[in-house]
A.B. asks: 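To start, I am sharing the structure in question, which I have written as structure tokens.
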Amino acid sequence: MGQHRRPKPSRRRLLAPTLFTGLSAVAVAAVVAGTHGLDLSDATAAGKAARSTRAAVAPAPIPTTAAAPVAAPTPTDGPTPTPSPTDLPAPTDTPAAAIPTAGATTAPATSGAAPGTTAPAPADARETATVGALFSGSVAAGNHFCTASVLHSATGNLLLTAAHCLSSTDGVTFAPGYRDGSAPYGTWQVTAIHTTSNWAQKGDVDEDFAILETAPSNGRKVEDVVGGNRLGADEPFDATVRLYGYPADAEEPNLCANSTAQQSAYQRVIQCPSYPAGTSGGPWISAATGDVVGAIGGYQQGGDTDDVSYSAYFDHTIAALYIQAETAAS
């Protein structure tokens, strides 16, 4: 099915997946409506703090310094994988008028902060504008339940978030750059949810990512207004990333930069304080490439403490899901 193949668990303990397969011609994603996920009427349950319903492998110790390089899983059999997102078209330039010009940068400057330090994301950075909050109902303080980000695509209307964040598109809107009760660039209605079949059927934590479609707003696609982040796959586990997320009890996004490490065969982990419920779906953007290489989710639905976050590993599985979603949105 083009997803991670899993060995049978040992009688003594659960084993992390160790085998990696190529893609098949069978579709690997499904548009899901109401078959899994969280009840959007309960904002306190949505996001990072929600408990996973699956047993999970205990996390490996997290290094406090830069992690040693860890080779990413490589395919062992199967057809040739779908081309990686490095073959996808580069993002188009963001209209200058759409983003604040005073001090605007491609990415926020984090070099002055110690690794693993969390602070409010600057409002005048172009990268920050691609990150927003998901709302159930009106776009108002206290109504956001998860985080999403604009994913660069030929269709210009795709978002990236965690699959556990939502089970239905009913009343769900996205506000990029949301801050203090205001949606400075507008809002976009979510119209479709794309997840892998392993997530839809099994709640597979190693595939806890979703690509959302949005409808035009005032005749404009979301990427035309704020730009989008290119999807990255097969990044080394020891990459340095910028981590974004909207805490459910806050009205501005958090930003933290730190190195990541390997928690299990298909899970990435990072130490960044103050990422509680509501930050699920927040993008992990590579400091080296600018590509989005993760989204808060996966193991423990992103982590059961505020200071440690997880992401399912981005490989050929999400690359195939991206192509499926882009085709459906065309």
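Not measured: the values here are computed from a predicted model. Scope of the values below: all heavy atoms of this structure, side chains included, with no hydrogens, waters or symmetry mates.
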A.B. asks: Looking only at atom types and distance, does a side-chain atom of T214 sit under 3.5 Å from a main-chain N or O of W188, one as donor and one as acceptor?
C.D. replies: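 Checking the backbone N and O of W188 against the side chain of T214, no donor-acceptor pair under 3.5 Å is found.
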A.B. asks: Evaluate the criterion side-chain contact (heavy atoms from CB on, under 4.5 Å) for residue pair V150 and L159; output intermediate values, then yes/no.
C.D. replies: CA-CA 4 Å; V150 183; L159 309 177; 4.0 Å; yes
A.B. asks: Out of the candidates E213, E223, K221, H194, only one should pair with L158 under the side-chain contact (heavy atoms from CB on, under 4.5 Å) rule; please name it.
C.D. replies: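 One option only clears the test, and that one is E213.
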A.B. asks: Taking the side chain from T289 and the backbone from D291, do they hold a donor-acceptor pair closer than 3.5 Å?
C.D. replies: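 Such a contact is found between T289 side chain and D291 backbone.
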A.B. asks: Can you name the nearest heavy-atom pair linking P283 to V131, along with the distance?
C.D. replies: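 Heavy atoms only, the tightest pair is CG-CG2, 3.8 Å.
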A.B. asks: With side-chain contact (heavy atoms from CB on, under 4.5 Å) as the test, would you mind laying out the steps for W284 and V292 before giving the verdict?
C.D. replies: CA-CA 6 Å; W284 304 39; V292 57; 5.5 Å; no
A.B. asks: Would you name the heavy atoms of A312 and D208 that are closest together and state the gap between them?
C.D. replies: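 That would be CB-N, 4.1 Å.
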A.B. asks: Atom CD1 of I323 and atom OG1 of T327: how far apart are they, to the nearest 0.5 Å?
C.D. replies: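 Nearest 0.5 Å value for the CD1-OG1 distance: 7.0 Å.
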A.B. asks: For residues V139 and A183, report the shortest heavy-atom separation together with the two atoms involved.
C.D. replies: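 In terms of heavy atoms, the two residues are closest at CG1-CB, 4.4 Å.
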A.B. asks: How far does OH of Y313 sit from CD of E235, to the nearest 0.5 angstrom?
C.D. replies: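 It is 7.5 Å, given to the nearest 0.5 Å.
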A.B. asks: Can Q267 and D206 be said to form a side chain to side chain donor-acceptor pair (under 3.5 Å), step by step?
C.D. replies: CA-CA 7 Å; Q267 295 286 322; D206 289 339; 2.7 Å; yes
A.B. asks: Considering only heavy atoms from C-beta outward, does the side chain of Y246 approach that of C146 to under 4.5 Å?
C.D. replies: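 Answer no - side chains too far apart.
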A.B. asks: Check whether any side-chain heavy atom of P247 lies under 4.5 Å from a side-chain heavy atom of N254, and answer yes or no.
C.D. replies: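 They are in side-chain contact.
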A.B. asks: When rounded to the nearest 0.5 angstrom, what is the spacing between CG in N229 and CG in L151?
C.D. replies: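 Answer for the CG-CG pair, N229 versus L151, is 7.5 Å.
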A.B. asks: Any side-chain to backbone donor/acceptor pair from N143 onto G137? Under 3.5 Å, distance only.
C.D. replies: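 Not confirmed, N143 side chain does not pair with G137 backbone.
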A.B. asks: Can you confirm whether T118 sits close enough to Y275 that some side-chain heavy atom of one is under 4.5 Å from a side-chain heavy atom of the other?
C.D. replies: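 Yes. Closest side-chain heavy atoms under 4.5 Å.
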A.B. asks: Which heavy atom in T173 sits nearest to a heavy atom in Q189, and how many Å separate them?
C.D. replies: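 Minimum heavy-atom separation between T173 and Q189: CG2-CA, 4.2 Å.
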A.B. asks: Should the pair F314 and F209 be assigned to parallel (<30°), tilted (30 to 60°) or perpendicular (>60°) ring geometry?
C.D. replies: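 F314 vs F209 ring planes: perpendicular.
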A.B. asks: Find out whether T161 and F174 are in side-chain contact, i.e. whether some heavy atom of one side chain is under 4.5 Å from a heavy atom of the other.
C.D. replies: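 The answer is no, as the side chains (C-beta and beyond) never meet within the 4.5 Å cut-off.
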A.B. asks: F145 versus V172: any side-chain heavy-atom pair under 4.5 Å?
C.D. replies: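 A side-chain contact under 4.5 Å exists here.
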A.B. asks: To the nearest 0.5 Å, what is the distance between CD (Q301) and OG (S309)?
C.D. replies: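 Q301 CD to S309 OG: 13.0 Å, rounded to 0.5 Å.
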A.B. asks: Looking at N218, I'd like to know if its CG atom is crowded, meaning that more than 12 non-hydrogen atoms belonging to other residues, nucleotides or ligands lie closer than 6.0 Å.
C.D. replies: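 No, CG of N218 has 12 or fewer neighbouring heavy atoms, counting only those of other groups under 6.0 Å.
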A.B. asks: Do E207 and T195 have side-chain heavy atoms sitting under 4.5 Å apart?
C.D. replies: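 They are not in side-chain contact.
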A.B. asks: Report yes if the side chains of I193 and T169 come closer than 4.5 Å at any heavy-atom pair, otherwise no.
C.D. replies: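 Sidechains of T169 and I193: in contact.
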A.B. asks: Under 3.5 Å, is there a donor on one side chain and an acceptor on the other for D315 and T317?
C.D. replies: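 Result is yes, a qualifying pair exists.
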A.B. asks: Would E251 and R179 count as a salt bridge (Lys or Arg N to Asp or Glu O under 4.0 Å) here? Give the steps.
C.D. replies: CA-CA 5 Å; E251 295 303 302; R179 195 172 292 253; over 6 Å; no
A.B. asks: Give me the atom names and distance for the closest heavy-atom approach of V222 to N157.
C.D. replies: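 In terms of heavy atoms, the two residues are closest at CG1-CA, 4.1 Å.
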A.B. asks: Could you check whether any side-chain N or O of H144 sits under 3.5 Å from a backbone N or O of A175, counting only pairs where one atom can act as donor and the other as acceptor?
C.D. replies: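 Answer holds: no.
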A.B. asks: Taking S259 for its side chain and T240 for its backbone only, find out whether a donor-acceptor pair lies under 3.5 Å.
C.D. replies: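 Flag not set: sc S259 to bb T240 has no pair under 3.5 Å.
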A.B. asks: Give, for atom CG of D204 and atom CG of N198, the distance between the pair rounded to the nearest 0.5 Å.
C.D. replies: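 Taking CG in D204 and CG in N198, the distance rounds to 5.0 Å.
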A.B. asks: Check step by step if side chain to side chain donor-acceptor pair (under 3.5 Å) holds for D180 and S182.
C.D. replies: CA-CA 6 Å; D180 298 324; S182 173; over 6 Å; no
A.B. asks: Any side-chain to backbone donor/acceptor pair from S330 onto E326? Under 3.5 Å, distance only.
C.D. replies: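 Flag set: sc S330 to bb E326 pair under 3.5 Å.
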A.B. asks: When you measure from the side chain of T279 to the backbone N and O of G282, does any donor-acceptor pair fall under 3.5 Å?
C.D. replies: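 Checking the backbone N and O of G282 against the side chain of T279, no donor-acceptor pair under 3.5 Å is found.
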A.B. asks: Any side-chain to backbone donor/acceptor pair from S217 onto T187? Under 3.5 Å, distance only.
C.D. replies: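 The answer is yes, because a donor-acceptor pair under 3.5 Å joins these two groups.
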A.B. asks: Between atom CD1 of I270 and atom CD of Q263, what is the distance when rounded to the nearest 0.5 Å?
C.D. replies: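 Rounded to the nearest 0.5 Å, the CD1-CD separation comes to 14.0 Å.
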A.B. asks: What do you reckon, are the aromatic ring centroids of Y178 and Y185 less than 6.0 Å apart?
C.D. replies: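 No; Y185 has its ring centre 6.0 Å or more from that of Y178.
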A.B. asks: What are the two closest heavy atoms between I296 and G302, and how far apart are they?
C.D. replies: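 It is CG2-CA, 4.0 Å.
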A.B. asks: Would V241 and I285 satisfy side-chain contact (heavy atoms from CB on, under 4.5 Å), going step by step from the backbone distance to the final call?
C.D. replies: CA-CA 5 Å; V241 305; I285 298 179; 5.9 Å; no
A.B. asks: Let's go through S311 and R268 carefully: what are the C-alpha distance in whole Å and the side-chain angles of both, what is the deciding distance for side chain to side chain donor-acceptor pair (under 3.5 Å) to 0.1 Å, and is it a yes or a no?
C.D. replies: CA-CA 5 Å; S311 170; R268 192 188 290 271; 5.7 Å; no
A.B. asks: Are L166 and L212 close enough, and set up right, to give a side-chain contact (heavy atoms from CB on, under 4.5 Å), and what steps lead you there?
C.D. replies: CA-CA 10 Å; L166 68 170; L212 312 180; 4.2 Å; yes
A.B. asks: Heavy atoms, side chains only, cut-off 4.5 Å: are I318 and L160 in contact?
C.D. replies: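 Answer yes - side chains close enough.
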